[in-house]
Amino acid sequence: MKFNVMIMSGSEDGTTLTYDSTQGDGQQTDNTWQISIGRKEENDLCLRNDTYVSRYHAKIIFKDNRLWLQDCDSTNGTFIENEHDFFDDHPIKGTISIAENQLFRIGRTWLRIQVIE
């Protein structure tokens, strides 16, 4: 599995980061691969310039051939673009499915995932 995460807002707007499970990125178990997101340097995707991002904020998970977004009990929540093209004003709870190219927000930073085939 390989995908890009594009930062769509904030001080790192336009940055594209590539993650590849075959290259040892993230954490891998038998049937799950995950990328951690947060303000601390040890996260796979570090958003150090967004003060609304928790130290360990969220995870992108690839499991059962699907992408999932999990909030890790962050202070300011994790948000996702809903199916009506309006931005939901309520944070997600737990883990939810996320589609490729669907926008999501960590702190005040909007991001998007693009799978690389």
Side-chain angles (χ1 to χ4, degrees):
M1 173 63 169
K2 185 175 180 180
F3 62 79
N4 288 330
V5 176
M6 288 155 278
I7 300 175
M8 308 297 290
S9 67
S11 64
E12 298 178 66
D13 184 17
T15 302
T16 299
L17 304 164
T18 301
Y19 298 94
D20 187 342
S21 63
T22 64
Q23 299 298 313
D25 295 336
Q27 297 176 329
Q28 182 133 13
T29 62
D30 290 336
N31 63 347
T32 303
W33 176 48
Q34 61 187 19
I35 301 297
S36 62
I37 305 169
R39 206 173 63 244
K40 293 282 277 186
E41 291 292 327
E42 53 264 14
N43 284 286
D44 300 304
L45 196 166
C46 179
L47 296 171
R48 69 179 99 7
N49 297 318
D50 186 339
T51 58
Y52 288 85
V53 174
S54 294
R55 290 175 293 201
Y56 303 101
H57 197 107
K59 294 179 182 176
I60 298 170
I61 301 166
F62 183 73
K63 181 178 180 178
D64 300 328
N65 289 323
R66 294 183 70 187
L67 288 167
W68 302 87
L69 182 62
Q70 178 182 50
D71 182 77
C72 297
D73 296 322
S74 65
T75 302
N76 293 306
T78 300
F79 299 80
I80 192 165
E81 176 187 39
N82 71 26
E83 65 274 7
H84 303 294
D85 292 329
F86 299 107
F87 296 110
D88 197 345
D89 60 352
H90 301 287
I92 66 170
K93 303 287 185 203
T95 305
I96 65 164
S97 177
I98 185 169
E100 181 180 6
N101 293 318
Q102 188 172 17
L103 291 171
F104 63 100
R105 181 167 57 91
I106 305 291
R108 290 201 170 167
T109 304
W110 284 100
L111 305 111
R112 184 176 63 175
I113 301 170
Q114 183 177 32
V115 175
I116 302 169
E117 309 245 358

Is any side-chain heavy atom of L111 closer than 4.5 Å to a side-chain heavy atom of L103? no
As an exercise, state the distance from CZ of F104 to CH2 of W110, rounded to the nearest 0.5 Å. 10.0 Å
Do any N or O atoms from the side chain of N49 and from the backbone of S11 form a donor-acceptor pair under 3.5 angstrom? no
Can you tell me how far CD1 of I113 sits from OH of Y19, rounded to the nearest 0.5 angstrom? 10.5 Å
To which residues is Y52 joined in a hydrophobic cluster, defined by side-chain heavy-atom contacts under 4.5 Å among Ile, Leu, Val, Met, Phe, Trp and Tyr, whether direct or through other members? none
Looking only at the side chains, is there a donor atom on one of N4 and T18 sitting less than 3.5 Å from an acceptor on the other? yes
Under the rule for side chain to side chain donor-acceptor pair (under 3.5 Å), what residues qualify as partners of R55, not counting sequence neighbours? none
Set of residues satisfying ring pair (Phe, Tyr, Trp, His ring centres under 6.0 Å) with respect to W68, sequence neighbours excluded: none
Residues at least two apart in sequence or cross-chain that pass side chain to side chain donor-acceptor pair (under 3.5 Å) with D44, listed by chain then number, are S36
For E41, the salt bridge (Lys or Arg N to Asp or Glu O under 4.0 Å) test, sequence neighbours excluded, returns R48
Go through it in stages, so that I can follow the logic: the residues are L69 and T95, the test is side chain to side chain contact (heavy atoms under 4.5 Å, CB included), and I'd like the CA-CA distance, side-chain angles, deciding distance and then a yes or no. CA-CA 6 Å; L69 182 62; T95 305; over 6 Å; no
Any residue meeting side chain to side chain donor-acceptor pair (under 3.5 Å) with T32, in chain and number order, not counting sequence neighbours: none
With sequence neighbours excluded, tell me which residues meet side chain to side chain contact (heavy atoms under 4.5 Å, CB included) with S54. H57, S74, T75
Would you call T15 and V5 a side-chain contact if the rule is heavy atoms closer than 4.5 Å? no
For N31, check side chain to side chain contact (heavy atoms under 4.5 Å, CB included) against everything at least two apart and list the hits. T29, K63
How about P91 and T78: do any of their side-chain heavy atoms sit closer than 4.5 Å? no
Side chain to side chain contact (heavy atoms under 4.5 Å, CB included) between I37 and I60, worked out: CA-CA 8 Å; I37 305 169; I60 298 170; 3.8 Å; yes
Specify the closest pair of heavy atoms between M6 and T16, including all atoms of both residues, with the distance to one decimal. CG-OG1, 3.4 Å
Test item: S21 side-chain N/O and M1 main-chain N/O as donor-acceptor pair under 3.5 Å: yes
Short question: side chain of E81, backbone of Q102 - any donor-acceptor pair under 3.5 Å? no
Can you pull the salt bridge (charged side-chain N to carboxylate O under 4.0 Å, His left out) pairs that have at least one residue in residues 11-39, sequence neighbours excluded? none
Keeping N43 on the side-chain end and K40 on the backbone end, is there a donor-acceptor pair under 3.5 Å? yes
Do Y56 and W33 share a hydrophobic cluster (ILVMFWY, side-chain heavy atoms under 4.5 Å, transitive)? no
What residues form a side chain to side chain contact (heavy atoms under 4.5 Å, CB included) with T51, not counting sequence neighbours? none
Q34: which residues meet the side chain to side chain contact (heavy atoms under 4.5 Å, CB included) condition with it, sequence neighbours left out? Q27, K59, I61
Residue pairs meeting salt bridge (charged side-chain N to carboxylate O under 4.0 Å, His left out), one or both in residues 65-74, sequence neighbours left out, come to none
Just wondering, do I106 and D50 contact through their side chains at under 4.5 Å, heavy atoms? no
